[in-house]
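What follows is a single structure, written as structure tokens, with notes after it.
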Amino acid sequence: MNTHLFKNIVILTGAGISAESGIRTFRDQDGLWENHRIEDVATPEAFHRDPELVQRFYNARRSQLKDPNVQPNAAHLALAELEHAWEGDFLLVTQNVDNLHRRAGSQNLLHMHGRLDQIRCLSCEEVIVWTEDLAVNESCPQCGIKAALRPDIVWFGEMPHHMDEIYFALEKADYFISIGTSGNVYPAAGFVQLAWKARKIEINVKDTEISRAFQEHLIGPASIEVPKLVRQILGE
Ligand code: NAD
Ligand code: ZN
């Protein structure tokens, strides 16, 4: 019996794991996200100032998920396979707002920065599954109020979701694996420090701001390095 399979694992993913599925990261484009400045599309102030632009930006991101060329890649699939084989606690935390982990079959998955395929009503707080474009004047299907719907995305300056559950899992993690994240965005960039007893592994195409906090570095594209690591862990 492989006793290590009963240990606890926490995985953190960022935009880099979806890059090979055709979804662009943003730090790799000089801090621009699909040619937009973060301050213009990913803050509550931006939404207040220009809801039209912000809705258009997220409508484009949401509709990209329907592009038949955008599919989970070997890295997303390997993480789902690892979860199914794992006997201990397994938690996948993603900063991504795309739906590729779920489509690959991951189940114990937390979207700490929200989800493109959900919207939220500022009036009644209802969260609604939404895969179409969202118009600024749309009425809330729950409370009927107009123009109160926003993407269910955690913008800069807002509180990430599920933090209690994530901190609890990090505290008892035996493995912490960070994949395709630049280590620029907190609190996610600080998770490695909280996984105090874990074997800490970073996968990225290059060194990051937080590489020094990891014991092992796998440098290469996620679609190659993640399946390799999963095979290694399951074979140990
Ligand atoms: P980031 O854009 O800041 O950094 C991406 C990281 O991935 C970089 O360190 C880069 O070197 C690495 N990388 C690029 N290609 C890779 C590959 N093929 N294999 C392995 N690593 C690769 O991303 P972040 O740290 O996740 O922060 C971005 C924020 O922007 C997140 O909060 C997220 O919500 C949002 N965002 C999400 C998506 C998405 O959902 N797919 C896309 C862009 C931005
Ligand atoms: Zn409502």
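The structure presented is a predicted model; accordingly, all values stated were derived computationally and were not measured. Every number for a ligand or one of its atoms is a count from 1 in the order of the listing.
Atom numbering of ligand 1 starts at 1 in the shown order; those under 4.0 Å from a heavy atom of T25 are 2 (O), 5 (C), 43 (C). Within ligand 1, counting atoms from 1 as listed, the ones closer than 4.0 Å to a heavy atom of G180 are 5 (C), 6 (C), 7 (O), 21 (N). Ligand-side atoms of ligand 1 in range of K206: 11 (O), range being under 4.0 angstrom from any heavy atom. Below 4.0 Å from some heavy atom of D98 lie the following atoms of ligand 1, by number and element: 39 (C), 40 (O), 41 (N). The contact set between ligand 1 and N96, taken as ligand atoms under 4.0 Å from a residue heavy atom, comprises 39 (C), 40 (O), 41 (N). If you number the atoms of ligand 1 from 1 as listed, the ones under 4.0 Å from a heavy atom of A19 come out as 15 (N).
In the candidate list I210, V97, I219, V97 is nearest to atom 40 (O) of ligand 1, counting heavy atoms. Residue Q95 holds the heavy atom nearest to atom 33 (C) of ligand 1 of all those in E202, Q64, Q95. Taking only non-hydrogen atoms, the option from A42, A222, A15, G14 nearest to atom 23 (O) of ligand 1 is A15. Checking H113, H111, R61 against atom 32 (O) of ligand 1, the nearest heavy atom belongs to H113.
Taking R49 as the reference, D40, E45, A46 meet the side chain to side chain contact (heavy atoms under 4.5 Å, CB included) condition, with sequence neighbours excluded.
Under the 4.5 Å side-chain criterion, counting only non-hydrogen atoms from C-beta, C121 is not in contact with Q142. Side chains of L92 and T13 form a contact here, defined as non-hydrogen atoms less than 4.5 Å apart. With a 4.5 Å cut-off on side-chain heavy atoms, R24 and N35 count as touching. Put simply, the side chain of E225 does not reach to within 4.5 Å of the side chain of I179, judged on heavy atoms.
Distances from the Zn ion (ligand 2) under 2.8 Å pick out these protein N/O/S atoms: C121 SG, C124 SG, C140 SG, C143 SG.
Distances from ligand 1 to the non-hydrogen atoms of I23 include at least one value under 4.0 Å.
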Would you mind writing out the side-chain donor-acceptor pairs for residues 192-199 within the sub-3.5 Å range, not counting sequence neighbours?
unit_1: W196; atom_1: NE1; unit_2: E171; atom_2: O; d: 3.2
unit_1: R199; atom_1: NE; unit_2: E216; atom_2: OE2; d: 2.9
unit_1: R199; atom_1: NH1; unit_2: E236; atom_2: OE2; d: 3.1
unit_1: R199; atom_1: NH2; unit_2: E216; atom_2: OE1; d: 3.3

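A donor and an acceptor atom, one from each side chain of R62 and N59, are located under 3.5 Å apart. Counting only N and O atoms by type, the side chains of S18 and D98 include a donor and acceptor under 3.5 Å apart.
Clustering of Ile, Leu, Val, Met, Phe, Trp and Tyr by side-chain heavy atoms under 4.5 Å joins V154 with none of the others.
The part of R24 lying near ligand 1 is the backbone, judged by heavy-atom distances below 4.0 Å. Proximity of S182 to ligand 1, defined as any heavy-atom pair under 4.0 Å, is shared by backbone and side chain alike.
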Salt bridge (charged side-chain N to carboxylate O under 4.0 Å, His left out) evaluation trace for E132 with K66: CA-CA 10 Å; E132 306 302 319; K66 294 186 191 165; 3.5 Å; yes
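Side chain of E83 to main chain of N108: a donor-acceptor pair is present (N/O by atom type, distance under 3.5 Å, no hydrogens or angles).
Between Y175 and W86, the gap from one ring centroid to the other is short of 6.0 Å.
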